[in-house]
Protein chains: 2
Amino acid sequence: MEKEITIYDIAKQLNISPATVSRALNDHPAINNTTKSLIASTAREMGYRINPFASSLRKKRTNTLGVIVPRLNSYFMSTVLAGMEKEANEASYNLIISQSMESFKKEITNARTMFDSRVDGLLVSLAFDTEDLEHFEPFLKRNIPLLFFDRVMSHNQSTSIIIDNVRAGYEVTNHLISQGSQRIMHVTGSLKRNVYADRLKGYQQALSEAGIAYDDSLVKVTDLGMDTGQWVVQQIQEMPLPPDGLFVANDFCAVSCMSALKRAGYSVPQDVAVAGFNNDPLSQVVEPNLTTIHYPGYEMGEIAVKSLISHLNGVSASHATNTIILRSELIVRESSLRLSSK
Amino acid sequence: MEKEITIYDIAKQLNISPATVSRALNDHPAINNTTKSLIASTAREMGYRINPFASSLRKKRTNTLGVIVPRLNSYFMSTVLAGMEKEANEASYNLIISQSMESFKKEITNARTMFDSRVDGLLVSLAFDTEDLEHFEPFLKRNIPLLFFDRVMSHNQSTSIIIDNVRAGYEVTNHLISQGSQRIMHVTGSLKRNVYADRLKGYQQALSEAGIAYDDSLVKVTDLGMDTGQWVVQQIQEMPLPPDGLFVANDFCAVSCMSALKRAGYSVPQDVAVAGFNNDPLSQVVEPNLTTIHYPGYEMGEIAVKSLISHLNGVSASHATNTIILRSELIVRESSLRLSSK
DNA sequence: AGTTTTTATGCAATCGATTGCAGTTATCGA
DNA sequence: TCGATAACTGCAATCGATTGCATAAAAACT
């Protein structure tokens, strides 16, 4: 096993002081350019790699960002993370990622772990049943910046990055109405979460604008899981007047609903027009293709990390931006097309 | 902003030496139990948290494991990671996760980053087009244990954790044959990867056992992406004798094929029986439900981390186990059921 | 030539936890 | 009662990089 090279080894080799080596490697202005390149090449030759622990210990900075997400297994999340990773790498930050599995409790544990790991900043998308933000207090007390994305909760000391869910919900609903749906069911997740609460608001707005009375029994709060489709269709079958439109808060669940509907003898979109949310690739491989909302995940990840890092570098006046809203877009596909156009 | 508490602060508070505090917090046997609990409670009260950098610097151990995976956005991967995370947490290790996006080049970069971060061990599932293992040499030279899972490449200095893909491929194919399929197409990914090469072997074995001649033109190497279904069906339509069975190397792509097939007027399973791989929840929400192979992801993650850590602790004789094979299981669903039973 | 700037480099302390070795006190056996 | 062993605890060096301050050498100026 090879010995680890330190700046002392380089210094000895070149007969200079470790301080100079350190400065040179950090591109300090007070070091002569000739010296710098000499040191750089020697370091390369000797196979030097910085010891991040020594550095972190001294600088009191870890160059590590923590990320807590509900789950990794969605196209959306992995895309967000890809965006984050890219930005983090470029700024030579590391990412520690953990899943809360949609559980408040696990989210608290994760936060604690991140805190103990001394991340420089934290990026969070909240679990289904998170009630409050107390578990993030330690970060705020220590002035560690906190940024929420997608599933956010307003908090005046931290930035949020979201899309306009009200508007997106409005657009979907409006589209369904424009396709002739009058009784639109909305299947969603925990209304504690902004994403679902806001989409519901948009849904209500669209209905009201179209002069359709809001019917509470058409809104189903679920876990958006695998069995939700089954359950929803069961509900529908028990209704005297079944819906002719279905707006589901994510694509996976929308597919599960479509499938259950078909199995129960309904045709999509003729009997029921269906729309999902997120533009998961899944939406293009099911039959019929699913109408959905395109959500800029990669960008969201990039922006989240960028803004967190610039905050760390003291670039942005701490409270300058509080909420960043990205553009989303309705994508109409077969699952909701009942009129004309085709 | 609060001051960070160190063992020196605790020591001063209790009028003892920092050495004792350190030992007490690490549950060193030479410290009196009374002293230990006194120190523990004082630490808690004062809000002490260990400084991992000072500790790592001194101990030359980071308590961090690196994970490189092709992509996060599959149910399988996120499940594996959940298993890894659980085990890592329990052993108080941190995980640094990165995606290679199926690219050899990015995998090399990721490996470099992990190396520079001085992970204590590395867990890898290879990208589609990874040609060799040279980029992991630095780890081996420094005696950093390396463990491959799922997408592995044999290497005598590292452990691999896999399922028996030959057998799984055999079982799927055999099942399709038992359902009356005679011309079975196999849609798979890069044959550089064991998982795909082995499944193909199993496929061939089953055919040969059933006395069906192997037809090269029925094996399609693809990227298993979103458009693969479309492309496959196009190929099928150009064939004089279309297949009556389809074995696709993952569920997502299988769904994409099913959907394209249906769109082209074929019925599943009557015209073509379809089977996927991985038992993604997706397979249960599509119509018809997809026959697939159940893959123990969570377990794989747990075992991977467990064995890596025990290796780090010098528990296992370094070369004792070289390959761990987990059990997989065929799950028959509607997409392939053409006979009797129903 | 003498003095002031500028430019480069070095000295030495520091970050916080760990650990080999030594020292102190308590316990024990004879 | 006295030396011996055991049971604790402390001293001080160490891990490797960083940085305020001082210093030396070179350049610029009068």
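Numbered from 1 within each chain, the chains take letters A, B, ... in sequence-line order.
Base contact: A:S22 has a heavy atom under 4.0 Å from a base atom. A:I16 comes within 4.0 angstrom of sugar-phosphate atoms only, judged by non-hydrogen atoms across all strands, and of no base.
When the C1' atom of C:dG16 is taken as reference, atom CZ of B:R61 falls 19 Å away, rounded to whole Å. Rounded to whole Å, the distance from CG on A:L25 to P on D:dG16 is 15 Å. Look at OH on B:Y8: it is 9 Å from C1' on C:dC15, rounded to the nearest Å. For the pair B:L14 CG and D:dT9 C1', the interatomic distance rounds to 13 Å; values are reported in whole Å.
Phosphate contact (OP1/OP2 of C:dG16, side-chain N/O of A:K60, threshold under 4.0 Å): present. A sub-4.0 Å separation between OP1 or OP2 of C:dT9 and a side-chain N or O of A:S17 is absent. Contact check, B:T35 against D:dT9: a side-chain N or O comes under 4.0 Å of OP1 or OP2.
Map B:H28 and A:N26 each onto its nearest nucleotide of DNA chain D; the residue landing nearer the 5' end is B:H28.
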Kindly give the atom pairs (protein nitrogen or oxygen, nucleotide nitrogen or oxygen) under 3.5 Å for nucleotides 20-28 of chain D.
{"unit_1": "D:dG20", "atom_1": "O6", "unit_2": "A:R23", "atom_2": "NH2", "d": "2.5"}

If you look only at distance, which donor and acceptor atoms sit under 3.5 Å apart when one is on a side chain in residues 90-97 of chain B and the other is two or more places apart or in another chain?
{"unit_1": "B:Y93", "atom_1": "OH", "unit_2": "B:R61", "atom_2": "NH1", "d": "2.8"}
{"unit_1": "B:N94", "atom_1": "ND2", "unit_2": "A:S117", "atom_2": "OG", "d": "2.9"}

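Looking only at atom types and distance, the side chain of A:T62 has a donor-acceptor partner in the side chain of A:D120 under 3.5 Å away. A side-chain N or O of B:D150 and one of B:Y295 form a donor-acceptor pair less than 3.5 Å apart.
Between B:K192 and B:D129 there is no salt bridge, since none of the side-chain N atoms of the basic residue sits less than 4.0 Å from a carboxylate O of the acidic one. Under a 4.0 Å N-O distance rule, the pair A:E4/B:K60 does not qualify as a salt bridge.
Comparing C:dA8, C:dT18, C:dC15 by their nearest atom to the side chain of A:N32 picks out C:dA8.
B:H135 and B:F104 have their aromatic ring centers within a separation under 6.0 angstrom. Ring pair A:Y298/A:F76: centre-to-centre distance not below 6.0 Å.
Using a 4.0 Å cut-off on heavy atoms, the residues of residues 43-58 of chain B that approach DNA chain D are B:L57, B:R58, listed by number.
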